[in-house]
Amino acid sequence: MTPTTELATASATETQRPPRHYLPEDFHVTDWVALEPFFTELRERTITSGVELERWLLDRSELEAALSEDLAWRYIRMTCDTQDEQRAAAFQFFVSEIEPNVAPHDHALNEKMMSSDFLPELDPRKYRVFLRSVRQALEIYRVENIPLKTEISTKQQQYAAIAGAMTVTLDGEEMTLPRAADRLKSPNRAVREEAYRSIQARRLRDAEPLDALFTGLVSLRHRVALNAGFANFRDYMFAALGRFDYTPQDCFAFHKAIRETVVPLIDDLDLERRQDLALAELRPWDLDVDVSGKAPLRPFDTGAELLEKTITVFQNLDPYLGDCLRTMRQMGQLDLESRKGKAPGGYNYPLDETGVPFIFMNATSSLRDVVTMLHEGGHAVHSFLTRNLPLGADKHPPSEVAELASMSMELMSMDHWGVFFTDPEDLRRAKKTHLESVLETFPWVATIDKFQHWVYENPQHTEAERHQCWTSIFDEFNQRTVSWKGLEGFKPYLWQKQLHLYEVPFYYIEYAMAQLGAIAVWRNFRQNPQEGLDAYKRALAMGYTAPIGEIYAAAGIRFDFSTDYLRTLADFVREEMAKL
């Protein structure tokens, strides 16, 4: 039975890990020797009824939650300081010494469960999605892939270290790339150009090692796919990600729909931007500056202020949402400000045992940071709403649902952004800028996704072919009215800034699917705020106990990325922009 929003809400402010039933309360992951007895007991336990099978499932889930949270903290600490060798070693120890030993036991436990005589006694509706995922995992498991996945994890770690070390010096100050990127909002065009060229030149210095790293990852991933009986890594990942609801062909159709419906809208916005800025030609460093000529929006000064104001926004939207972030602040579950040595990007990392997640980001006092905080805050709320689901697997819906949580929060919270922007004109600018970025999500996602399909359909490609393919796809979807004269050397490497390509391959098309769903959630919220918010929370509280389409239906929307649906919702965004 899926818990109601009210049941999930009741535990929003609890800060202690729930009591364990299977593992000792003082158990900590130290090494494989300490872990193995629990896996052995689960493998050898005699099960004589459906009730006992369900208890076995819960015990296994508890063990998995402890492992998941231990790995989470190792990753969090490493990304907070990529230059700390001890933190990197602690993460690497788990990847190389724990995960390879867990994998065959995990497979054996899946086999034990699916071959149990008492499997039919489990509630078929309650466990339908979970069992579907287990069957898929059994089908693609290959023991020879265990060392390959360890090697892949090790290589993926290298990306954060390389990217986290990138800095530039502007006006005598050394700064991270996210902080330097804030200068792209400066009304002074020369300042913007200098920042843009410095950032791209710094990225270009590591272009060759990043190319080599990616080539190695592509090769390893292709071997994993072949071992599992797939023609390529794309097909393998569709199975591994549990994409039961759409196919690669649906993705291609979505790319086409984006090109036909959204890209022309972006072209129009860029032409308006060029005219408003009174420029003969638009350049890449002209795309983030406010066309009014005013200074960049500065909605906060410190990470603490960003958090405090976000709590207020959440509180005004729904007191429960504010309580979620207050709990995280009380527990120290956030690292928000950009600094040298910190990994790039931002994330909300669920902690399966505690039930209170961790938010990581690189704030530099910009509007983009506000949106990122709201986005990750939406993920955090999702973690709170699912924390009482009995199985760990139920707490982790696919990205098409997870990103719906975060992107919907960005849009629904806009009515309360006055906390950040007390001046009405600043508030208008912030909303307009964000809605433009909502539309811009679609072409960029299509670019990254289409590029990934090509990369893994053609795993033997050369670096030169990869650069040519990327440039062609980029030009198809992005900046078609922008002049790149004299910058042609930068363009072939723009994909290297997208960490998903290195660390979580094929996790990207979901952003566009979820963005579409988020616009629909926002449209419902516009029509009836309380009903729209309640449906949103109700859908998120389902976790992954139902297929994607049913979760979207609970939110009062459709899991649909057809051309007509995309056009309707994109037009709605343009209409809302026109009201500002």
Side-chain angles (χ1 to χ4, degrees), residues 79 82 152 155-166 176-178 180-181 184 196 199-200 202-218 221 233-234 237 241 251 254-255 258 266 284 287-288 338 342-347 360-362 368 371-372 375-376 399 402-403 406-407 437-438 440-458 461 463 465-479 484 487 490-515:
T79 55
T82 62
I152 288 170
K155 280 187 173 295
Q156 288 174 174
Q157 184 182 344
Q158 295 172 20
Y159 177 78
I162 295 172
M166 290 183 183
T176 62
L177 300 195
L184 298 174
Y196 183 87
I199 290 170
Q200 299 306 329
R202 177 61 188 87
R203 291 191 184 280
L204 203 59
R205 278 171 48 193
D206 283 322
E208 288 188 12
L210 285 175
D211 247 337
L213 176 61
F214 192 65
T215 297
L217 285 168
V218 170
R221 289 165 178 166
F233 184 70
R234 189 270 315 281
M237 282 305 293
L241 290 169
C251 293
F254 195 20
H255 301 161
I258 290 169
I266 303 300
L287 300 177
D288 290 334
S338 179
K342 195 173 180 182
Y347 59 77
F360 168 100
M361 59 180 287
N362 281 274
R368 182 65 247 173
V371 174
T372 298
H375 179 101
E376 303 305 342
S399 300
E403 297 304 335
S406 54
M407 291 177 161
S437 74
V438 166
E440 289 165 356
T441 295
F442 294 102
W444 182 250
V445 170
T447 303
I448 295 293
D449 191 61
K450 186 171 182 177
F451 178 60
Q452 291 197 88
H453 281 274
W454 180 88
V455 163
Y456 293 103
E457 285 177 344
N458 302 277
H461 65 266
E463 290 180 1
E465 289 170 337
R466 182 158 71 219
H467 298 161
Q468 182 179 8
C469 173
W470 164 261
T471 301
S472 174
I473 296 173
F474 180 88
D475 290 342
E476 180 183 356
F477 290 98
N478 303 275
Q479 302 183 19
W484 276 78
L487 305 171
F490 294 143
K491 188 183 287 188
Y493 301 95
L494 291 176
W495 60 273
Q496 292 182 346
K497 69 180 180 179
Q498 195 68 57
L499 67 83
H500 298 73
L501 294 170
Y502 289 87
E503 297 186 1
V504 277
F506 280 99
Y507 168 27
Y508 214 66
I509 191 65
E510 299 95 331
Y511 283 104
M513 294 172 175
Q515 185 70 84

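We count residues from 1, following the sequence as given. Because the structure is a prediction, the values reported are computed rather than measured.
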- Message: With side-chain contact (heavy atoms from CB on, under 4.5 Å) as the criterion, how do His500 and Ile448 come out once you've worked through the C-alpha distance, each side chain's angles and the decisive distance to 0.1 Å?
- Response: CA-CA 9 Å; His500 298 73; Ile448 295 293; 5.7 Å; no
- Tell me, with the steps shown, if Phe490 and Arg203 meet side-chain contact (heavy atoms from CB on, under 4.5 Å). CA-CA 9 Å; Phe490 294 143; Arg203 291 191 184 280; over 6 Å; no
- Message: Suppose we screen for salt bridge (charged side-chain N to carboxylate O under 4.0 Å, His left out). Which residues come up paired with Arg234, at least two apart in sequence or across chains?
- Response: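 Residues passing salt bridge (charged side-chain N to carboxylate O under 4.0 Å, His left out) with Arg234: Glu457.
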- Task: Applying salt bridge (charged side-chain N to carboxylate O under 4.0 Å, His left out), name anything that partners Glu440, two or more places apart in sequence or on another chain.
- Result: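 With neighbours one apart ignored, the set is empty.
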Interatomic spacing from [atom1] in [X] to [atom2] in [Y] - rounded to 0.5 Å:
{"X": "Thr372", "Y": "Met361", "atom1": "OG1", "atom2": "CE", "answer": "5.0 Å"}
{"X": "Lys342", "Y": "Thr82", "atom1": "NZ", "atom2": "OG1", "answer": "11.0 Å"}
{"X": "Ile473", "Y": "His453", "atom1": "CD1", "atom2": "NE2", "answer": "10.0 Å"}
{"X": "Leu501", "Y": "Gln452", "atom1": "CG", "atom2": "CD", "answer": "5.0 Å"}
{"X": "Leu494", "Y": "Asn478", "atom1": "CG", "atom2": "CG", "answer": "9.0 Å"}
{"X": "Asn458", "Y": "Glu465", "atom1": "CG", "atom2": "CD", "answer": "8.0 Å"}

- Message: In terms of relative ring orientation, are Tyr507 and Tyr511 parallel, tilted or perpendicular, with 30° and 60° separating the classes?
- Response: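 Tyr507 and Tyr511: parallel rings.
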- Non-neighbouring partners of Tyr493 that pass ring-ring contact (aromatic ring centres under 6.0 Å, His included), sequence neighbours left out: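 Residues passing ring-ring contact (aromatic ring centres under 6.0 Å, His included) with Tyr493: His467.
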- Message: Is any side-chain heavy atom of Leu287 closer than 4.5 Å to one of Gln479?
- Response: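 Heavy-atom side-chain distance check passes, below 4.5 Å.
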- Query: Any side-chain donor paired with an acceptor under 3.5 Å for Thr176 and Asn362?
  - Reply: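 There is no such pair between these side chains.
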- Side-chain H-bond candidate by donor/acceptor type, Gln468 with Thr471, under 3.5 Å: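 Thr471 and Gln468 do not have a side-chain donor-acceptor pair below 3.5 Å.
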Applying salt bridge (Lys or Arg N to Asp or Glu O under 4.0 Å) as the test, list every pair that has at least one member in [range]; sequence neighbours left out.
{"range": "residues 470-479", "result": "Arg259-Glu476, Lys450-Glu476, Asp475-Lys491"}
{"range": "residues 204-217", "result": "Arg202-Asp206, Asp211-Arg466"}
{"range": "residues 494-508", "result": "none"}

- Message: Name the residue from Trp454, Phe214, Phe451 that meets the ring pair (Phe, Tyr, Trp, His ring centres under 6.0 Å) definition with His461.
- Response: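 By the ring pair (Phe, Tyr, Trp, His ring centres under 6.0 Å) criterion, His461 pairs with just one of Trp454, Phe214, Phe451: Trp454.
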Contact summary for [X] and [Y], nearest pair of heavy atoms:
{"X": "Gln496", "Y": "Tyr159", "result": "O-OH, 2.7 Å"}
{"X": "Pro344", "Y": "Gly164", "result": "CD-N, 4.1 Å"}
{"X": "Pro505", "Y": "Gln156", "result": "CD-OE1, 4.4 Å"}
{"X": "Asp449", "Y": "Cys251", "result": "OD2-CB, 3.8 Å"}
{"X": "Tyr508", "Y": "Val445", "result": "O-CG1, 3.3 Å"}
{"X": "Phe360", "Y": "Ala343", "result": "CZ-O, 3.3 Å"}

- Query: Quick check: does any side chain N or O of Ser406 sit under 3.5 Å from a backbone N or O of Glu403, one acting as donor and the other as acceptor?
  - Reply: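 Judged by distance alone, yes, a pair lies under 3.5 Å.
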- Give a yes or no on whether the backbone of Leu210 and the side-chain of Tyr502 come within a donor-acceptor separation of less than 3.5 Å.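 Yes, Tyr502 side chain to Leu210 backbone: donor-acceptor pair under 3.5 Å.
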- Evaluate side-chain contact (heavy atoms from CB on, under 4.5 Å) for Arg221 paired with Phe506, printing each intermediate quantity in order. CA-CA 12 Å; Arg221 289 165 178 166; Phe506 280 99; over 6 Å; no
